[in-house]
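Just so it is clear: chains get the letters A, B, ... in the order the sequence lines come, proteins before strands, and each one is counted from 1.
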Amino acid sequence: MTAARRPDVTPRRMAPLKAWFDAQGWRALPFQREVWARWLAGESGLLHTPTGSGKTLAAFGGPLLDVLETARADGPVKRKKNAPRTLRLLWITPLRALATDTVRALREPVDALGLDWRIGLRTGDASARDKRLARAGQLDALVTTPESLALLLSYPETAAQFAGLRTVVVDEWHELLGNKRGVLLQLALARLRALAPSLRTWGLSATLGNLGEARDVLLPHAPDAALVSGLPPRALTLETLLPDAGERFPWAGHLGLVQLSRVIDRLLSQRTSLLFTNTRSQAELWHRALSAVWPEDQGTLALHHGSLDPKLRSAAEQGLREGTVRCVVATSSLDLGVDFPAVDQVLQLGSPKGMARLLQRAGRARHRPGEPAHVVCVPTHALELMEYAAARDALAHGRIEPRTPPRLSLDVLAQHCVTLALGGGFHADALYDEVRGTHAFAELDPRTWSAVIEFIVQGGSALAHYPDYRRVVRGDDGRYIVEDRKVAFRHRLSIGTITSDGSVAVKFLRGGALGSVEENFIGRLRPGDRFQFAGRTLELVRLHEMTAQVRMAKRADGMVPKWQGGRMPLSGELGREVERVFARVAAGESDAPEVRALAPLLRLQHALSALPGPDHLLAEWVRARDGKHLFLYPFAGRAVHEGLAALLALRWGRRAPNSFSFTANDYGLVLSVQADADVDAALIHALLQPDALVEDLTDSFNLTELARRQFREIARVSGLLPPSLPGRAPRSLRQLQASSGLLYDVLARHDPDHLLLAQAQREVFAQQLDVVHLAHVLADCARRPVALHRPKSLTPLSFPLWAESQRAHLSTEDWRARVARVAEQLEKRHG
DNA sequence: GACCTGCTGCGGCTTG
């Protein structure tokens, strides 16, 4: 920041602010002064606040106070009840719960200064009165979500109300940066800048690997905007619940129930704990296991995940707040910004998967000033110990994952255009410029823009005969508008980018809601069958209109549902760090406790084959009774390994016809061949050539099928699929897939150049195959010398992959037996 | 005797 541009933050102006801060017990820290100074200078910026560093509102005390003072100068302190007001401040958060908290927090300084300010809440769960106020322009400040903001933009009266905006604050920007919700917000912010040109935009972000980019995406109009650092990050220490000396520890798996007694000892040693798991299913299983041995009232043990009914989730949160709950078993649904007091300890069950996630979760733990936060890691299999040692190193070096902002999400753009057509209409040329001002659409070319317009006007050439797809018309004055009320209605029902379909509600006969499970899980059950859900054993009574009616079961058994969620591969950052730990082990340089505990296993790996490391690519060629297996360990996460395995199988098959199958996990991949074959380092090296990656990937996957499935989300967001109606049973997955699949086929046949087909392909490459990361890994593997070993038996690294590969073509029982037999042989041979 | 995965988030109430 240059001295000339820095405004004078005089003591006179600071005085009321200081008094306010003092009353809150907050100090006017340097970063707070900097935010205020920049704000007064009319600048925008991004404030980086590490997780758990305190109230975000404190950072905005200055700007807020200034806005309040301006409001006071504007007119009388007391206004008539329904007098129009000027909206000055817009606060956007990705979470409804956070919006409610923020309204409460904003009221404090307003009341303290005795101002007649009306602060509104505009989210889906806001009261009808609040919604009315937000639309009627009778607010001074408004707290909302990206979706509700989009809805407001669909009303013609909004433009005038937003013209007086002075400040927009985007909270938890790191949560939006990497997804389509963020793209929707980028477009809305561009609209706001057009409506209120002197608007200042400030974002708040947790730590990210690409903070500079995060700022540029939020503030594309201000290339030299500030990136202000808040409080320094809190130190974090990491402890691992190690197996006892001499204890055998599983080589594979992920549930970790062998750790039950150690975990329960830990839980009982502190007053309150959060036990984080990686999947909803795992949270249910652990909740059941814990409750069987829980020595206290069952009500002190709670469960929290995204498929539970909001009422049950808020009961768990409330229990934490009131101190009636001692332990919550939770997934990521509890690591977001919901307001509850910090707990005494945080446990992470299984792989942390990435550093950002681990930091977020650890941030939930209470800490005394000056003392570091602490997280207890509970391994579920042997090699996870290496991940924890690696995580500790990554912490020490401040390595953390970036989030990649999407580009050219044309489905979101189409939705936004219809929103604006509805909210008073737009001129295509002006909107083109506005849209290109965002990061997501900076590279939008005129041809694609015309295609987007044509798409919302008539659906594209193949759909032109269907009136449902003619949503927008061009008026006499050249403005694009929506005339049809039915179109307007349907559009407002489908605003947003989150798609979740095909889930079955679980309810008691009397109507109490428990949450939702997936169709294919409940579809396998028959009335009378028991299953485990929401921390209870339930009996299915009947399945009707996408609702499973249940009653409590007497016996505590039954299946635990699985949900098809994200893939959550190990992050590249953490994978690299794991390799480095292996290299340090090989060099005899590591004295991490996890490494000491793993010493026998690492020695076995070294004796049978070799340790992996960043300077070579470890390959193992194992001839076994069931076939020949080539194992590779790039440590790049499961998604990349799957793509890599398919690619290698294709290339190998071109050289020598054979029958291949492959399996991947977070550490590596295995290619299994039927017919006899041999490998050498030169062959592996040749298979790993980075050339023709996209072409070969296209050949190795059934891209049409992948794209066809990806198209469902795109069709929903772009408004091609009718929304499900409020209060009605949601459509089943089969119906949705059928209608989106039908659309896909019609377009593919009659309009193969349709913009959304191309987008489905792009998203398959970018998201499912993670092609950028894959290309990177491939080039990296090709660069490394291949260290090929021919171990006599499976190794600690290859065993989990082999076990997984056997599962694909064996029944559960046969598989169990075979894995147990081989494990026994290994045990005998290697002690 | 080991093993069986896979997160989160939002929004709407016309027309017949």
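- The side chain of A:Ile498 sits closest to B:dC10 out of B:dC7, B:dC10, B:dC13.
- Dashed line: the shortest gap from a side-chain N or O of A:Ser148 to OP1 or OP2 of B:dG11 is under 4.0 Å.
- DNA chain B is contacted by both A:Glu642 and A:Arg122; A:Glu642 maps to the nucleotide lying nearer its 5′ end (nearest heavy atom per residue).
- B:dC4 atom C1' lies 14 Å from atom CG of A:Leu801, rounded to whole Å.
- Residue-level contact check: A:Lys131 touches the backbone only, with heavy atoms under 4.0 Å from sugar-phosphate atoms and none from bases.
- Regarding A:His304, its NE2 atom lies at a distance of 13 Å from the C1' atom of B:dC7, rounded to whole Å.
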(message) Test side-chain contact (heavy atoms from CB on, under 4.5 Å) on A:Glu317 and A:His304; report intermediate values, then the result.
(response) CA-CA 9 Å; A:Glu317 291 158 23; A:His304 200 284; 2.9 Å; yes

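- Nearest nucleotide to the A:Arg492 side chain, out of B:dT5, B:dG12, B:dG11: B:dG12.
- The CG atom of A:Leu257 sits 13 Å away from the C1' atom of B:dT5 (whole-angstrom rounding).
- Ion pairing of A:Glu147 with A:Arg181 is present here, as a side-chain N (NZ or NE/NH1/NH2) and a carboxylate O approach within less than 4.0 Å.
- The side chain of A:Leu95 approaches B:dC10 more closely than any other nucleotide in the set B:dC7, B:dT14, B:dC10.
- Here A:Thr279 lies in heavy-atom contact (under 4.0 Å) with a base.
- Proximity note for A:Asn179 (side chain, C-beta onward) versus B:dT8, B:dT5, B:dG9: the nearest is B:dG9.
- A:Ser494 and A:Arg716 make their closest contact through O-NH1, 3.3 Å (heavy atoms, listed as atom of the first residue, atom of the second, distance).
- Here A:Thr123 does not reach the OP1 or OP2 of B:dC10: none of its side-chain N or O atoms lies under 4.0 Å away.
- One finds no side-chain N or O of A:Arg490 lying less than 4.0 angstrom from the OP1 or OP2 phosphate oxygen of B:dC13.
- Along DNA chain B, the nucleotide closest to A:Glu147 and the one closest to A:Glu175 are compared, and the more 5′ of them pairs with A:Glu175.
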Using a 3.5 Å cut-off and no angle test, enumerate the donor-acceptor pairs between side-chain atoms of residues 481-489 of chain A and protein atoms at least two apart in sequence or in another chain.
unit_1	atom_1	unit_2	atom_2	d
A:Asp484	OD1	A:Lys486	N	2.8

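- For A:Arg181 and B:dT8, the shortest distance from a side-chain N or O to OP1 or OP2 is not below 4.0 Å.
- Per the geometry, NE2 belonging to A:His381 stands 17 Å off C1' belonging to B:dG1, to the nearest Å.
- The interatomic distance linking A:Phe276 (CZ) with B:dT8 (C1') rounds to 12 Å, in whole Å.
- Set against B:dC7, B:dG9, B:dC13, the side chain of A:Arg313 has B:dG9 as its closest nucleotide.
- Going from atom CH2 of A:Trp173 over to atom C1' of B:dG9 covers 15 Å, rounded to whole Å.
- Of the candidate nucleotides B:dG11, B:dT8, B:dT14, B:dG11 has the atom nearest to the side chain of A:Leu151.
- Within the 4.0 angstrom heavy-atom criterion, no nucleotide atom of any strand lies near A:Gly496.
- Closest approach to the A:Lys562 side chain among B:dC10, B:dT5, B:dC13 is made by B:dT5 (side chain taken as heavy atoms from C-beta onward).
- In this structure, the nucleotide among B:dT8, B:dG11, B:dC13 sitting nearest to the side chain of A:Arg280 is B:dT8.
- Using cut-offs of 30° and 60° on the angle between ring planes, the pair A:Phe533 and A:His305 is tilted.
- Between the P atom of B:dT5 and the NE2 atom of A:His305 lies a distance of 17 Å, rounded to the nearest Å.
- Qualifying ring-ring contact (aromatic ring centres under 6.0 Å, His included) partners for A:Phe521, counting only residues two or more places apart in sequence or in other chains: A:Phe531.
- Atom CG in A:Leu308 sits roughly 11 Å away from atom P in B:dG9 (whole-Å rounding).
- In this model, the phosphate group of B:dG9 is not approached by any side-chain N or O of A:Thr145 to a distance below 4.0 Å at OP1 or OP2.
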